[in-house]
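First the structure, in the form of structure tokens, and then the observations on it.
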Amino acid sequence: MATVSAGSADGSAELSRLNLLVSPLRRALLKGARAAAELPDIPDAQIELLRAVPRGVQKSPGELATELGLSRSTVSNLLKQLEHAGLVARASQDGDGRRVVVRASERALDLLDRFDRASGLLLGDAVAGLAADERAALLAAVPALERLRGLVEAQSEASRASAARTRP
């Protein structure tokens, strides 16, 4: 896999800027949407887990752990917190008390819908404040950013799998 070295003429300075921009932009969007929609401060890990069980979907804790790249104990702890907050419900699968599935509660789905609407409005208002050429460049970059996310996720998964193989 090719890497970009600092100071090269191939855009590495811009990649460094992008790297330093992504997390603060995400946090600002989260904070603004939470405030605008008067949403509770739900930790990112819990939100990620809730997003993995959209409306009409139920998954086992093991499936969630695999999908999210988390340990089963981490998922179990997150599920306990979410269940206590009324954001997920657990049920036995096919009447087998040993197999459990998880689904997001209506309250959780409502909170996610409200967050998505509020963050969409916030982002739309902010993008409208850009100059027309900046807006066009940003919108044109969306497909590349989606592809970039997929590549980063794939690299992350490959790194996790490699680390798992090399553990004693």
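The shown structure was predicted, so the numbers you read here are calculated from the model rather than taken from an experiment.
Listed here is the closest heavy atom pair of Leu111 and Pro40: CD2-CD, 3.8 Å. Taking each heavy atom of Gln46 and Gln81 in turn, the nearest pair found is NE2-OE1, 2.8 Å. Here the closest heavy-atom approach between residue Glu67 and residue Ala52 is recorded as OE2-CB, 3.6 Å. Shortest non-hydrogen contact noted between Ala33 and Leu39 is O-CD1, 4.1 Å. Minimum interatomic distance between Leu50 and Ala108 (heavy atoms only, all atoms of both residues): CD2-CB, 3.9 Å.
Using a distance-only test at 3.5 Å, with no hydrogens or angles considered, a donor-acceptor pair links the side chain of Ser159 to the main chain of Gln155. The backbone N or O of Ser60 lies less than 3.5 Å from no partner atom in the side chain of Arg99, so there is not a single donor-acceptor pair.
A heavy-atom distance below 4.5 Å is not found between the side chains of Arg72 and Ser76. By the 4.5 Å heavy-atom criterion applied to side chains, Asp113 and Arg55 are counted as neighbours.
Taking CG from Leu15 and CG from Leu20, the interatomic distance works out to 11.0 Å, rounded to the nearest 0.5 Å. Between the CZ atom of Arg114 and the CG atom of Leu109 there is a distance of 13.0 Å, given to the nearest 0.5 Å. Separating the CD1 atom in Ile42 from the CG atom in Leu112 is a distance of 7.0 Å, to the nearest 0.5 Å. Considering CG of Leu151 and CD of Glu146, their distance stands at 12.0 Å, rounded to 0.5 Å. Once rounded to the nearest 0.5 Å, the distance linking CD of Glu14 with CG of Leu21 reads 12.5 Å. Taking CG from Leu30 and OG from Ser23, the interatomic distance works out to 11.0 Å, rounded to the nearest 0.5 Å.
In this structure, Arg117 has no salt bridge (charged side-chain N to carboxylate O under 4.0 Å, His left out) partners at least two apart in sequence or on a different chain.
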If you apply the rule side chain to side chain contact (heavy atoms under 4.5 Å, CB included), what do you find for Leu78 with Glu48, and how did you get there? CA-CA 10 Å; Leu78 289 169; Glu48 186 177 5; over 6 Å; no
Side chain to side chain contact (heavy atoms under 4.5 Å, CB included) assessment of Val53 paired with Gln58: CA-CA 6 Å; Val53 284; Gln58 47 186 24; 5.9 Å; no
Please lay out, stage by stage, how Leu82 and Val102 fare under the test side chain to side chain contact (heavy atoms under 4.5 Å, CB included). CA-CA 11 Å; Leu82 288 166; Val102 177; over 6 Å; no
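More than 12 heavy atoms of other shown residues, nucleotides or ligands fall within 6.0 angstrom of atom CZ in Arg51.
Clustering ILVMFWY residues whenever any of their side-chain heavy atoms sit less than 4.5 angstrom apart, transitively, puts Leu145 in the very cluster that holds Val152. Under the 4.5 Å side-chain heavy-atom criterion for ILVMFWY residues, no single connected hydrophobic cluster contains both Val101 and Leu68. With hydrophobic clusters built from ILVMFWY side chains whose heavy atoms lie under 4.5 angstrom apart, Leu122 does not share a cluster with Phe115. Clustering ILVMFWY residues whenever any of their side-chain heavy atoms sit less than 4.5 angstrom apart, transitively, puts Leu29 in a cluster other than the one holding Ile47. Leu64 and Val100 fall into different hydrophobic clusters, where Ile, Leu, Val, Met, Phe, Trp and Tyr side chains are chained together by heavy-atom contacts under 4.5 Å.
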Which pairs of donor and acceptor atoms, one on a side chain in residues 123-139, lie under 3.5 Å apart (sequence neighbours left out)?
residue: Glu134; atom: OE1; partner: Ala131; partner atom: N; Å: 2.9
residue: Arg135; atom: NH1; partner: Ala128; partner atom: O; Å: 3.4
residue: Arg135; atom: NH1; partner: Leu130; partner atom: O; Å: 2.6

